[in-house]
Amino acid sequence: MNFLFSGTHHMDTTAYTPHAIEEKWQKYWDDTKTFKVGEDTGKEKYYLLEMFPYPSGRIHMGHVRNYTIGDVVARYKMMRGYNVLHPMGWDAFGMPAENAAISNKTHPAAWTYANIDAMKQQLKRLGFSYDWDRELATCSPDYYKWEQQLFIKMWEKGLAYRRKSLVNWCDSCQTVLANEQVEGGQCWRCKSQVQQKELEQWFFRITQYADELLDSLEKLTGWPERVVAMQRNWIGRSYGSEIDFPIENTDRKITVFTTRPDTLFGATFMSIAPENPLAISLSKDTPQAAAVKAFIEKTLKQDKIVRCSDDLEKEGVFTGSHCINPVTGYRMPVYIANFVLMEYGTGAVMAVPAHDQRDFDFAKKYGLEIKVVIEPEGQTLDPAAMTAAYVEAGIMANSGRFDGTANEAAKAAITDALAEKNIGKKAINYRLKDWGISRQRYWGTPIPMIYCDACGTVPVPEKDLPVLLPENVSLEVLGRSPLSDVPEFVNVACPACGKPARRETDTMDTFVESSWYFARYTCSDFDKGMLDTKRVNYWMPVDQYIGGIEHAVLHLLYSRFYTKVLRDFGLVNVDEPFVNLLTQGMVCMETYRCEKCGWLFPEEAENGACKKCGGAAQVGRVEKMSKSCKNVVDPELLIGKYGADTARLFCLFAAPPELDLAWSDKGVEGSFRFLQRVWRIAVEHMDVISHSASCPAGFLPDADVKALRRKTHQTIRKVSEDIDKRFHFNTAISAVMELLNHLYQFDLKDNGDPARAFAFKEAVQAVVVLLAPMVPHMCEELWSLLGGRGNIMHTPWPDFDPEIAREDEVEIVIQVNGKLRGKIITGAGATEENVRQQALACEQVAPWVNGKEIKKVIVVPGKLVSIVVK
RNA sequence: GCCUGGGUGGCGGAAUUGGUAGACGCAAGGGACUUAAAAUCCCUCGGUCGCAAGGCUGUACGAGUUCGAUUCUCGUCCCAGGCACCA
């Protein structure tokens, strides 16, 4: 460690005043642009990114935690000599702005920009090391212009397309929702029931990338396993076959997807989804027409929750038509069944009651034939005696030339046989659907398309981009895009033929903006195109991305997709946007409940009584901080009371980043106390520290000095490892606390001993530098008070000296038959034989060993001796 | 049902490669300083038996592997998250 200290300072007993110190350094960092970065090929780059916030107007504790974690990593990497890109911006489009506009009569833009200003001040007050020159807001035309340009490119390549489709419709939000925004049949935002509605919608063909999105998950070794698992689950690839079933007395056919082609000979009926157009056409002109119509109406009226619930009765109705099993010729009645989903596969399922439980139940209910085609080895199954479907592996039966083979082998064999006759083929099916991006809302990126009666769908010419959002729009229209009520926006001359045409009035899903903001940060001022190749390729990929687990599927999957699209357009040269991902836990807080009044604010529940009704108030579960649970702690109040450094320290110390953090007011006070302890020991000994030379000549350390120096260097090693390898700031901080405790016990002998003074100084300086990424304001201040040279952020991270850190005496534990019986102290270099002798001679173990036969002695160098006796 | 994670003192958590379980902090108790309080500094702090030395016990539960298991294997229970009539 080499500290460069000089100059003299007066002894100063100034108290720790976080606000003055923090504001001073925040201004300094701002004025000197400490965190501005550019491309520097002489240094290794490190791109650190935290998920950008929606500008709601105020930051919450989740932001404080997320951004503090990121800031520590960024500052640590800076001190390690990396060229660190650490940007911040605003996910600024979205519905709350519109809702606020309606209730407050403000314009969404004015509301949004005012919120951005307010939140930016709050983030600055926390002292985060952002390069604010790269700040971007997705609602700015400078940003969404490029998104429109890429949309047109995607349309040209068929990656963006328009089709009529049933969409998830939220009546309360008056908009369509992506599948990912529907949670258990409810709107993710307002929790109201989601309905189905047919609309013309724009889609991104994400399914074209399904295989790559799935397969390259393997490469994401820096991602948490569970996020990878969630994405794999979401994409949901399954291998199987597509098989055609001719419809009797027509030249049409029903195509099904199945993962069990081996059961084809046992298919005795067909189940189709109520939404399947075949349902109506097959029952037309049959006696079943009325019954079918009634069944479809009944089923579609059922809300999705009920329809998807586990215990829903399996029901169906015969369409009046049959199709033909292509291998057995069996006349299969075609049923409409309420459990068949139009969204998955082809909306039709070949039913094999003997080998699928749902089909079995259905067949029993409607008296349909059950035909066994797979049997356990050496057994026969009697359909009449079966009480459940046989779904295990087995031997083929009643399946013509496939009889006697293993069913797993028959899957491919039957599919191949079908393929030869051109009535079937191997197929892969995905749960993942194309990404519907149309939103019938105002505050989003306009979709840059024009509809002309003569020319059809025409993109807005590049020179006319961006398609700006018009300003004077009534937001209170319902059920259609507010833009459709703005004639001067809608009416436009066709770019191709010049005749009157109409603009698309939907806007894009806001997840589109957040799918590429990380790339735009590298060149947010670039005005010649979406991305500046040189800069984006210098910085990308993001080395470390940090954010909430709630984005495990939506945002992270879309961003991966978009990155691959950008790559295929030659705009970036990476396959994956985020090398390492850290999903931090939620910030939680104790709750209070009253049986009558529900959730209570803590101050309403003092002394176990509800202040509202006088009833009993109970301490509830620890829940995620939320307005509805009335358990939020406002970061601003926290900073007001203790300062930003304490807020940061507590967020880091209370739990490792990936775990939920239980907020504790007492714990915050503890963090504040620790900072005061650091402050006090440094300031009270400022003379010693700033006057003490580097290692004094003729340096002869006594045991105390050696012990302190050892602790100092061990702490440097521990903190470096904890931050570098694991992001375990809690244990890093506890190591510094140990060093500080050691310092408080250390006897300076009235400063008369230069060796002691030096060891003391070295330890205090280590505390200040090691804490700098976590509590930067206090450390900058102490660094300058103690005469440190320059800015602490430009001070190299200290190296530890392995010689000094090494213990020269080791405590060895002695076990007898696995139980701890004694301890001995040995020199660090003691030989195995020597340790063994000492252990066997140890007084404490004698009673356990004497008179017994020693079977075995195991010596683990530096750790323990294990004696086995009989 | 399937896929992930988890389960350690009064509490948050630590134990990094199978090697002293409970670092560090909070809370609690005790002491010093003070006329007193606050603040500060120091000490104790899993359970249990014991005056003590020390013993026994203990990481959800039950087995197993091992000289040795919070850590590895198998089974069970519970909690959280994700997916789910997926053909």
Side-chain angles (χ1 to χ4, degrees), chain A residues 183-184 224-234 236 238 240 256-260 263 267 271 273 307-314 337-341 343-352 356-359 361-362 429-431 549-550 552-553 583 586 588 590 622 649-650 653-656 658-671 673-674 676-677 680 718 721-722 725-726 728 730-738 740-741 744-745 811-823 844 847 855-869:
Chain A
E183 295 168 346
E225 189 103 358
R226 61 177 175 149
V227 175
V228 172
M230 280 187 212
Q231 293 218 350
R232 189 177 291 127
N233 228 329
W234 190 265
S238 62
V256 303
F257 172 78
T258 179
T259 55
R260 296 295 305 274
T263 63
S271 307
R307 214 183 137 197
C308 293
S309 70
D310 266 347
D311 35 80
L312 177 76
E313 172 88 22
K314 306 218 175 346
N338 61 352
F339 60 85
V340 178
L341 305 173
E343 308 88 75
Y344 188 78
T346 60
V349 186
M350 70 174 200
V352 186
D356 179 281
Q357 192 56 42
R358 276 164 306 161
D359 296 344
D361 296 341
F362 199 85
N429 203 36
Y430 302 91
R431 215 191 70 96
I549 186 73
E550 65 272 20
V553 178
T583 49
M586 297 179 300
C588 299
E590 202 167 57
V622 174
L649 185 74
F650 179 74
F653 181 62
E658 63 275 11
L659 256 56
D660 285 351
L661 182 154
W663 195 264
S664 147
D665 292 340
K666 292 285 188 188
V668 175
E669 276 174 37
S671 295
R673 260 199 306 267
F674 168 68
Q676 287 177 302
R677 259 164 84 80
R680 218 179 300 126
K718 168 84 177 148
E721 266 179 24
D722 283 350
K725 290 189 190 152
R726 313 197 299 167
H728 278 202
N730 55 333
T731 51
I733 292 164
S734 79
V736 178
M737 286 174 169
E738 284 185 52
L740 192 70
N741 290 343
Y744 267 83
Q745 308 275 322
E811 191 184 55
I812 302 280
V813 177
I814 307 164
Q815 294 180 352
V816 179
N817 285 353
K819 285 203 194 322
L820 182 70
R821 296 301 181 194
K823 291 174 184 178
Q844 294 158 298
K855 306 276 286 183
K856 204 174 180 184
V857 179
I858 297 147
V859 180
V860 181
K863 291 265 170 154
L864 59 71
V865 177
S866 185
I867 304 168
V868 188
V869 298

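Just so we're on the same page: letters track the sequence lines, and every chain starts at 1. Atoms considered below: every heavy atom in the structure, side chains included; atoms not considered: hydrogens, waters and symmetry mates. Computed from a predicted structure; not experimentally measured.
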*How is A:G236 classified with respect to the nucleic acid when contacts are heavy atoms under 4.0 Å: base, sugar-phosphate, or nothing?*
nothing

*Residue A:A229, side-chain atoms from C-beta onward, closest of B:C3, B:C86, B:C24*: B:C3

_Considering every strand and a 4.0 Å limit on heavy-atom distances, what is the contact class for A:V349: base, sugar-phosphate, or nothing?_
base

*At under 4.0 Å, does any side-chain N or O of A:R260 touch on OP1 or OP2 of B:C86?*
no

*Kindly say if A:K819 contacts the phosphate of B:U57, meaning a side-chain N or O under 4.0 Å from OP1 or OP2.*
yes

*Got a sec: does the CD of A:E550 have more than 12 other heavy atoms crowding it under 6.0 Å?*
yes

*Could you state the atom-to-atom distance from CD1 of A:I867 to C1' of B:U20 in whole Å?*
15 Å

*In whole angstrom, give the distance that lies between atom CD of A:Q676 and atom C1' of B:C41.*
14 Å

*asked:* I want to check one thing: is the phosphate of B:G25, taken as OP1 and OP2, less than 4.0 Å away from some side-chain N or O of A:N730?
replied: no

*How many Å lie between CZ on A:F674 and C1' on B:G12, as a whole number?*
17 Å

_Applying a 4.0 Å non-hydrogen cut-off, can you work out what A:E225 is touching in the nucleic acid: base, sugar-phosphate, or nothing?_
sugar-phosphate

_Tell me the interatomic distance from A:L820, atom CG, to B:C67, atom C1', rounded to whole angstroms._
14 Å

*Going by distance alone, is a donor N or O of one side chain under 3.5 Å from an acceptor N or O of the other, for A:D361 and A:Q357?*
yes

*Could you tell me whether A:P656 contacts a base, only the sugar-phosphate backbone, or nothing, with contacts defined as non-hydrogen atoms closer than 4.0 Å?*
sugar-phosphate

*Phosphate OP1/OP2 of B:A84: any A:R431 side-chain N/O under 4.0 Å*: yes

*asked:* So, does A:R358 get its side chain near the phosphate of B:C86, meaning an N or O under 4.0 Å from OP1 or OP2?
replied: yes

*Can you tell which of B:C41, B:C26, B:U20 lies closest to the side chain of A:Y744?*
B:C41

*Sub-3.5 Å donor-acceptor pair from the side chain of A:N817 to the main-chain atoms of A:V869, do we have one?*
yes

*Write down the distance between CD (A:E738) and P (B:A14), rounded to a whole number of angstrom.*
14 Å

*Output the single nucleotide from B:C43, B:G68, B:G12 whose closest atom is nearest the side chain of A:A654.*
B:G12

*CG/A:L649 to CG/A:N730 distance, rounded to the nearest 0.5 angstrom?*
11.0 Å

_N or O in side chain of A:K314 less than 4.0 angstrom from B:C85 OP1/OP2_ = no

_Nucleotide of B:A87, B:A23, B:G25 approaching A:S734 most closely (side-chain heavy atoms)_ = B:A23

_Just to be sure I understand the rule, does A:N429 reach a base, reach only the sugar-phosphate, or reach nothing, if contact means heavy atoms closer than 4.0 Å?_
nothing

*Considering only atom C1', compute the distance from B:G22 to B:U70 and round it to an integer number of Å.*
11 Å

*Across the strands shown, which category fits A:S664 at heavy-atom distances under 4.0 angstrom: base, sugar-phosphate, nothing?*
nothing

*Separation of A:E669 atom CD from B:G12 atom P, in whole Å?*
19 Å

*Could you please name the option among B:G25, B:U16, B:A87 that lies closest to any side-chain atom of A:R726?*
B:U16

*asked:* Heavy atoms only, 4.0 Å cut-off, all strands: where does A:D359 land among base, sugar-phosphate and nothing?
replied: nothing

*Expressed in whole Å, how much space separates the P atoms belonging to B:A21 and B:U16?*
13 Å

*Should B:G9 be called syn or anti, with syn set as within 90° of 0?*
syn

*asked:* From the set B:G13, B:G82, B:U16, return the single nucleotide nearest to any side-chain atom of A:N233.
replied: B:G82

*What is the distance, rounded to the nearest whole Å, between atom NZ of A:K666 and atom P of B:G10?*
20 Å

*To the side chain of A:F339, which of B:A14, B:C86, B:C85 is closest?*
B:C85

*asked:* Let's see if you can work this out: which of B:A84, B:G19, B:C41 has an atom nearest to the side-chain heavy atoms of A:L864?
replied: B:G19

*Which whole number of Å gives the distance between the C1' atom of B:U59 and that of B:G47?*
13 Å

*For nucleotides B:C42 and B:U48, find the distance between their C1' atoms and express it as a whole number of Å.*
29 Å

*Taking only the side-chain nitrogens and oxygens of A:R821, find out if one of them lies under 4.0 Å from OP1 or OP2 of B:G54.*
no

*Rounded to the Å, how far apart are A:W663 CH2 and B:G12 P?*
16 Å

*asked:* Regarding A:R232, tell me which of base, sugar-phosphate or nothing describes its non-hydrogen contacts under 4.0 Å with the strands shown.
replied: nothing

